[in-house]
Amino acid sequence: MKQNPTDPTNFPAGDRRPVLVTLATPRPTTVPAAFRAAARVLSANGLHQGDYVPDARDKEMCIPHFLRPMSIVAALKTAVTGDPHRNSQLADKAIGVLALRLGDGPRWGDIFSLETHVDDWGDGEGRTTESAVAVLYAAADASEQVAA
């Protein structure tokens with residue numbers, strides 16, 4: 001039986017090797033989907049009160065940042081981009097929508113003020129992962145109702 005020479009697992013010597021196939025997880029494309037994905041990230045990793053992730057400079061931990069407990073802002077960025085430190089238009093839009101839903105709203109409309117407002121809400125005393133997840137799901141439902 002003759003093998004196809006263009007088969008990627010065949011070498012001229014007749015050796016075979018396994019081929020690594022990676023399937024990209026679908027990223028959210030809408031604000032409600034971003035809220036739901038961030039809620040799943042927080043449910044899996046936990047809510048961190050403080051910076052985006054604990055030990056952001058990797059001095060004490062060797063766990064990848066996307067697997068650490070994280071703030072709500074970092075969870076939104078992770079859900080959209082896969083990295084809690086990377087910006088994207090969808091993550092910024094979701095942060096803005098969430099900031100306007102929380103409390104009295106931010107003082108200013110720039111992205112840094114919006115992120116700070118969401119982080120300050122998440123850092124509130126007694127704030128739990130469950131309450132943050134519930135707020136994200138409620139924001140997703142409200143965003144879908146507005147869009148409909």
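The analysis underlying the following values was restricted to heavy atoms, covering all of them including side chains, and did not include hydrogens, waters or symmetry mates. Along the sequence shown, the residues carry numbers beginning at 1. Treat the numbers as computed from the prediction; the structure is a model and nothing was measured.
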Legend entry - Nearest heavy atoms of Leu76 and Ala34, plus distance in Å: CD2-O, 3.8 Å
Inset, instruction - For residues Gly109 and Leu114, report the shortest heavy-atom separation together with the two atoms involved. - result: O-CD1, 3.8 Å
Legend entry - Path from Val135 to Leu100 over hydrophobic side-chain contacts below 4.5 Å: no
Inset, instruction - Mind listing the closest non-hydrogen atom pair of Ala75 and Leu42 along with its distance? - result: CB-CG, 3.7 Å
Inset, instruction - Please check if any side-chain donor atom of Thr116 sits under 3.5 Å from a side-chain acceptor atom of Asp119, or the reverse. - result: no
Inset, instruction - Ignoring hydrogens and angles, tell me if any N or O in the side chain of Thr81 forms a donor-acceptor pair with the backbone of Lys77 under 3.5 Å. - result: yes
Inset, instruction - Could you tell me which non-hydrogen atom of Arg101 sits nearest to which non-hydrogen atom of Ala142, and how far apart they are? - result: NH1-CB, 3.2 Å
Inset, instruction - Provide the closest heavy-atom pair for Leu47 versus Gly122 in the form atom of the first, atom of the second, distance. - result: CD2-O, 4.0 Å
Inset, instruction - Please tell me if the side chains of Leu98 and Trp121 come closer than 4.5 Å, counting only heavy atoms from C-beta onward. - result: no
Legend entry - Closest non-hydrogen atom pair, Thr78 against Met70: OG1-SD, 3.5 Å
Legend entry - Side chain proximity check, Arg107 to Ser113, heavy atoms < 4.5 angstrom: no
Legend entry - Full working for side-chain contact (heavy atoms from CB on, under 4.5 Å) between Asp141 and Arg36: CA-CA 9 Å; Asp141 293 340; Arg36 287 195 173 84; 2.6 Å; yes
Inset, instruction - Check the hydrophobic clustering (I, L, V, M, F, W, Y; side-chain heavy atoms under 4.5 Å; chains of links allowed) and say if Ile111 and Trp108 are grouped together. - result: no
Inset, instruction - Determine yes or no for a side-chain-to-main-chain donor-acceptor pair under 3.5 angstrom, with His117 supplying the side chain and Leu102 the backbone. - result: yes
Legend entry - Inter-residue atom distance Thr30.OG1 - Leu90.CG, 0.5 Å rounding: 7.0 Å
Legend entry - Ion pair Arg127/Asp120, N-O distance below 4.0 Å: no
Legend entry - Min side-chain heavy-atom separation Val97-Phe35 under 4.5 Å: yes
Inset, instruction - Supply the atom-to-atom distance Ser43 OG to Glu130 CD, rounded to the nearest 0.5 angstrom. - result: 8.0 Å
Legend entry - Under 3.5 Å donor-acceptor, Gln49 side chain and Ser71 backbone: no
